Every structure is written in C-alpha cells, then in structure tokens.
There are 2 protein chains.
Amino acid sequence: MNHSSADPDCEPTEPLRYLSKEDAVAMETELLRDYRFGQQQLMEILGHACAVAIAKAFPLGTLNKRQPTVLVVCGPDKNGCIGLACARHLRVFEYMPTVFYPKRSAHSLHQDFTVQCERMDIPFLSYLPTEVQLINDAYNLIVDAVLGPETELGAVEEPFTSILLTLRGVKIPIASLDIPSGWDPDETSTDGLSPAVLISLMAPKRCALSFSGTHFLAGRFLPYDIQKKYDLNPPKFSGTDYIAELH
Amino acid sequence: MNHSSADPDCEPTEPLRYLSKEDAVAMETELLRDYRFGQQQLMEILGHACAVAIAKAFPLGTLNKRQPTVLVVCGPDKNGCIGLACARHLRVFEYMPTVFYPKRSAHSLHQDFTVQCERMDIPFLSYLPTEVQLINDAYNLIVDAVLGPETELGAVEEPFTSILLTLRGVKIPIASLDIPSGWDPDETSTDGLSPAVLISLMAPKRCALSFSGTHFLAGRFLPYDIQKKYDLNPPKFSGTDYIAELH
C-alpha cells in the first residue's frame, strides 16, 4: 500500500497503514521504551479489546450451540498470552471459554495471566482432539492465539504444526489474533489458517491486505505521535469503543 | 447494609455490598497475591473504566465550554495513579484533560503512568489557581483522584488540604474516583468534597451509602470466587460494558 501525498489537508483521507513485521516490532519497542507502556498493560488492553471484538462478531444470542462455548488455542509466546487475557474477558462477558495451552511459557508475566484464567475456573484442555468433528460439535468458535507476527514460520515445531493441521480442518469459525496462524506477516498467504474474523492488534500487518473476512482493529490507545510517526492513519473509532470494524 | 438471608435461590436479589475499608484492602491483597493480578493491570483496567464512566456521565456533545476540557487532580498514591490512567483514556476519547499532580510518586509504576500522559501531550499544571472562578471558567468538570480509601485522613498534609479547600469551592461538577476525597471510607461524611458523580472501584465503600449523586461501579473483571467470598452481589452489567450505573 503506497502513501501518495504529504499534504496535511488530505490527512483524514490517507489510507490505513499495513505495517511490515519490522515496523511492528520497532513500534512496540518504542511504546515500551519511550512511552513507558508495560507488557502487562499492553496484554491486558489487547486481550480485552479482542474479547470485545469477538463478542461483536459472535454475539451471545446468535451462537449455534446450547452453551456459549469457545475454544481458545494459545501458543507459547506473546500472542498466546493475549489469548489468555482474551479468554478471561470472554468469561466475564458470560461466554464459556476453554483454553488449550500446550506449551506454557516460563515468563512470569505469562504465568500470571495463566493463573488468572485458572482461578476464574476456565478449563484447560490437556490435549486437542485430532478428530475435528469433536471440536466442531463442542464449540461455537475457535480463538486462534497460536502464532503471532514475531514467530519464525520455519522454526515452528510440534505440537504446533499438528495443531495448525487440525485447526485447518475444523468447520466452525475461527477468530485470529493479530495474524492468522501460519501466515507470514509480510506476505499474502497461501498457507496457514483461514479465519472468518481477524483482529489486528495496534495496526494491521501487511498480510492482512489479502484477508477478506471480518476485520477488526484493536489499538485505539496508541499515542498520537506514534500514529503519526508510523503513518498509521487509524479509522475513526466511535464513542468510547476500543475496536473498529474495518471491513 | 445487612445481608438477611443465605438462601441460594434468593441470590440474585441480594443487595449490593458496600465494603468496609478493611475488606476492600483484604480483597485487593487477595487479587494480587492469589489471583496474580498485577498492579499495572489493575490500574489500567480501573483507569479505563473510570474514563468510560466519565464519558457516559458527561458526553462530549453536552459540555458547556467550547473545548472539552477536564481537570484531573491526582494525589500522591494509588488513587492518583488511576487518575493518570483515566486522563490518558479521556484523551483517547477526544476530551482535553489537564493534569494537576503536585506530589509525584517515586514508585516506578506511577512514574510510567505519568510518562504515558506526558508523551500523549497532556498538559500538567504547575499549580492550582486558588481563585476558583478561573477553574470554573477553564474546565467543564474536575476528576477527583486526590485521596483514596487507603488515605489516613488525619495524616493529610499540604498541598492537599489547600487543594481540597479550593475544590470545595468550585461550581463545575466533580467526578470522584472510588471515594470523594476527604471522606472516611467507612462512614457517612459531613466533610470533604461533594461530587456530582462517584465511580466506585471494584466495589462501593460504605461511605457511598450516603452518596446521592450519579453512582457508577467499575469492576466487572472480578473473579466469581472473589465476588462470592466478599458477598459483592454486583449488578447486572450489559453486553461488554465494564461499568454499571447504580443510581
């Protein structure tokens, strides 16, 4: 996506920026170092916003199953931890999340988010059924918090390769956090998951240009100087909303 | 407020609990120690919820002044830090907050929330005008984040005694975070500020029983076991709202 003009009068019509992986990493480093945001704070904000987006895309009253079940699949890194925060907020919104978190992070911050879920009586699965029909029957949707933009796709190991294979076979809708797992953040993907919903965190990544499902942006808290520096041109958020639907 | 019955069938009709200072402290200790919530996380959640409540009580389109100015007065402790988070979210919601934070905390977490405001270009006042007319003319409302339930009223020192005296004289509405500054959390107050809006954090404190203005509760994130243990009986929150209006 090209930016054509630097005319300040045209600013509101400038297109939304789709960040490269490199810029996304640089922006987050800046937020943490110069703006003194905390990791815990960012994960809480983003997990909360993701749960709000999921509740908007899949309202309680519209779910097919008798119970408002949601399977939240969490990877070993930051994306997985935001998934844990999202699961906790979904529980607060009266969904029934179940977490599958096969490779728990040793990071104390991630452990705290795990304990918060456990103490909210959110069940954790000890394994993911390989028979996808069991998943289709048990849950209304899947939250994909497996791999984030920071993941090196070449280095993805078991159990995550098998998990992605299973998730590619499910029929229920998937909502992916930040990028669909298995996608390269910088490129149009031919591989990985095909989510119905994508929730971009802070700013969409380049790969989202080829995403045609329901697309939310969660990231209204960003300081204006950061928005300007990275030419983010975020959409207009309504009222006190922390998410915006892009398409 | 007395709880009359332990009959589980009557649970939904049990009255909202107004916590003693002692119980409020015990509950927060438990949240941090056993549920592994972080201070940074709690302040972010509560500051955000306060900003949402203020935007609900004083919508942008209804303000009297030409600019949507808000004066956020922050004390030296936790209440003041939640005020800083609230100011930042108000800025995101397109209000124009100005912060008065005369005695900055040495706590690194509080300093981080201060830098976040400064980097959002929120102005900080170096002194509070003693001429209240200047305050009435410049701002639409005041956010009172001066003293919290943890403050020992007998130990309040300058500049806060003078600040409370000034704020008691203003004509514009005040929104207090958790308790009105100068009130004893456990008792009906005859002293302190008279806010138009009170935003109780996590659960209302006993003193709020004698508050007759617009009353919000910010605290939907609390785990159910905590709600039960402390007989909180929170109201029904709507949709994905994190605040509820009590009266």
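Both backbone and side-chain heavy atoms feed into the values below; hydrogens, waters and symmetry mates do not. Everything quoted here is computed from the prediction, not taken from an experiment. By convention in this document, chain letters (A, B, ...) are assigned in the order of the sequence lines, proteins followed by strands, and residues within each chain are numbered from 1.
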**OP:** Return the minimal non-hydrogen interatomic distance between B:Pro223 and A:Met120, and the atom names on each side.
**Re:** CA-SD, 3.1 Å

Original post:
For chain A, which residues from residues 22-36 of chain B have at least one heavy atom closer than 4.5 Å to it?
Top reply: B:Asp34, B:Tyr35, B:Arg36

Subject >> Residue, of B:Tyr224, B:Phe221, B:Phe37, B:Phe237, that accumulates the most heavy atom pairs under 4.5 Å with chain A >> reply: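 Heavy-atom pairs under 4.5 Å are most numerous for B:Phe37.
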
In [range], which residues are in contact with chain B at a heavy-atom separation under 4.5 Å?
range                      : result
residues 39-67 of chain A  : A:Gln39, A:Gln40, A:Gln41, A:Glu44, A:Ile45, A:His48, A:Val52, A:Ala55
residues 76-91 of chain A  : A:Arg88, A:His89, A:Arg91
residues 93-107 of chain A : A:Phe93, A:Glu94

